[in-house]
Structure formats: C-alpha cells, structure tokens
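Both ligands and their constituent atoms are indexed starting at 1 by order of listing. Quick caveat: nothing in here was measured; it's all calculated off a predicted structure.
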Amino acid sequence: MNADTVAVAATPFAYPFAPGRTALVVIDMQRDFIEPGGFGASLGNDVTRLHGAIGAIAALLAAWRARGWPIVHTRECHRGDLSDCPPAKRLRGGPSLRIGDPGPMGRVLIAGEPGASIIPALAPQGGEIVVDKPGKGMFYATGLHETLQARGVTHLVFTGVTTEVCVQTSMREANDRGYECLLVEDGTESYFPEFKAATLAMIAAQGAIVGWHAPSAALLEALVPA
Ligand code: TIU
C-alpha cells in the first residue's frame with residue numbers, strides 16, 4: 001500500500017483504495033434494464049433480478065456525495081436517428097422490441113426517452129458526470145478517459161448492471177487504461193446469477209488480472225471520515 005491509500009478487505013487481496021482519486025461508477029441503472037417493458041425485458045429477462053443492487057449503490061452514492069468525491073453515471077442509449085447504433089446491435093437476435101421501437105417507456109434505449117433515464121432512487125445530482133454510451137463499455141466513443149484524467153482519477157469503484165455485460169466490459173476497458181478497479185459484489189447484478197458469480201471469479205483470478213471485488217460493507221468501513 002502507498003502512504004496515500006487505504007486497504008480494503010477484498011478478493012483476491014487487499015484493494016489499495018485512494019481517497020479523493022477514486023470515482024464511484026454506476027453503470028446503466030436505467031429504467032430500460034430495471035423496470036418491466038424496457039430493453040432488458042424485451043430480451044426475455046426477469047428484470048426483478050436486478051433490484052438487489054439498488055440499496056448498496058444508494059449507500060455508496062451517499063458516502064461519495066458526503067465527501068465530494070467524483071461520481072460517474074452511465075446510460076446505454078442511442079441517438080434518435082440511430083446513427084450511433086450499429087445494425088448488428090439492433091438486428092441481432094429476436095427481441096420483442098428492438099432498439100428505437102416505441103414501447104411502454106418511450107422508444108427503447110433512445111436518449112431522452114423515459115426508459116433511458118436512471119431510476120429515481122439513484123438519480124444523478126448536479127456536478128456528477130453523466131455519460132451516454134452507445135456501446136457496452138463506458139470508454140468507447142464517450143471521451144470519459146479524458147474527463148477522468150482531467151479530474152485526477154486513478155481508481156474506479158464499479159457498480160451497476162449487468163455484471164457480465166456492461167459492467168465487466170467497462171471494467172476491462174478501464175483496466176487496460178491503467179485504472180485500479182474494484183467491483184462491488186452487492187452493488188452489481190445480472191439477469192443470470194451464474195454469470196455474476198463467474199464474472200467475479202474471472203476478474204480476480206490470476207492475481208487480480210482485471211481487478212478486485214469486495215462487499216460494499218468492506219469498502220464503507222475503510223472510508224476516511226466525511
Ligand atoms: N443484456 C444485458 O445483460 N445487458 C445489456 O444489454 N446492457 C448492460 O449491461 N447495461
């Protein structure tokens with residue numbers, strides 16, 4: 001541990017948390033994935049499986065806000081003209097609604113539509129970074145790396161959905177860019193419990209080849225007082 005880091009009990013070994021230089025990342029906690037009638041449900045998923053992550057994310061948001069530390073919210077969504085949605089993404093599979101189709105929460109996965117908004121319980125506040133991303137990873141076509149570098153961010157704590165799709169892709173992208181990454185076990189969920197378990201195992205394997213994972217309680221315990 002460096003002098004300016006705090007040890008968080010984590011898997012596969014202690015995570016060197018850097019107070020003030022660590023952004024809390026909340027991936028895609030949007031109505032389109034969490035509520036019935038949206039993109040997640042259109043793919044045939046039981047959206048209630050994702051609800052378990054909300055409490056831990058809310059607690060971490062409160063802790064970060066109390067300390068004035070950087071927060072990133074992402075939203076997977078596309079422009080209304082679909083110019084940033086590759087046909088391969090829109091046409092693959094047999095969803096009941098495709099990206100851009102009108103649904104109960106407006107056009108599916110389109111920026112500005114009700115379904116693309118973040119659920120009210122985790123709504124972003126002023127000054128927090130909000131990134132609309134056309135891909136699964138948060139760095140692809142977003143400029144986020146430059147924004148984080150300008151803020152002096154070196155460490156990222158990941159939460160959100162789904163563990164093995166947008167969260168894992170974003171964490172792998174972050175690892176390649178040199179960030180020290182921690183995934184919060186109870187702050188992420190998947191439509192497939194076995195995929196969540198496999199993701200946690202594979203990121204921490206081989207000496208934290210992608211990063212660490214820990215429960216939110218271990219992280220909150222280690223935070224310096226607000
Ligand atoms: N389908 C699925 O599990 N996830 C996504 O399509 N996007 C995100 O993970 N946000």
Legend entry - Residue Q206 excluded, over 12 heavy atoms near CD under 6.0 Å: no
Legend entry - Proximal ligand 1 atoms for D28, defined as those under 4.0 Å from one of its heavy atoms: 8 (C), 10 (N)
Inset, instruction - May I ask you to check if ligand 1 and K136 share an N or O to N or O distance below 3.5 Å? - result: yes
Inset, instruction - Considering the heavy atoms of F39, write down every atom of ligand 1 situated less than 4.0 Å from one of them. - result: 6 (O)
Legend entry - Which of the ligand 1 atoms, numbered from 1, are nearer than 4.0 Å to a heavy atom of C166: 7 (N), 8 (C), 9 (O), 10 (N)
Inset, instruction - Answer with side chain, backbone, both or neither: which part of T162 has a heavy atom less than 4.0 angstrom from an atom of ligand 1? - result: both
Legend entry - Between E185 and H213: side-chain donor-acceptor atoms closer than 3.5 Å: yes
Legend entry - Distance filter under 4.0 Å to L43 heavy atoms, resulting ligand 1 atoms: 1 (N)
Legend entry - Atom CD of E221: over 12 foreign heavy atoms under 6.0 Å: no
Legend entry - Residues, nucleotides or ligands: over 12 heavy atoms within 6.0 Å of Y140 OH: no
Inset, instruction - Output yes when the distance from some N or O of ligand 1 to some N or O of E76 is under 3.5 Å, and no in every other case. - result: yes
Legend entry - Presence of salt bridge, E189 and K196, under 4.0 angstrom: yes
Inset, instruction - Tell me which part of V161 gets within contact of ligand 1: side chain, backbone, both or neither, using heavy atoms under 4.0 Å. - result: backbone
Inset, instruction - Distance to 0.1 Å, residue and atom name: give those for the protein heavy atom nearest to atom 5 (C) of ligand 1. - result: F33 CE2, 3.5 Å
Inset, instruction - Using distance alone, determine whether K133 and ligand 1 share an N or O pair under 3.5 Å. - result: no
Legend entry - Check: H145 ring centroid to Y179 ring centroid under 6.0 Å: yes
Legend entry - Spacing of K89 atom NZ and I99 atom CD1 [to the nearest 0.5 Å]: 4.5 Å
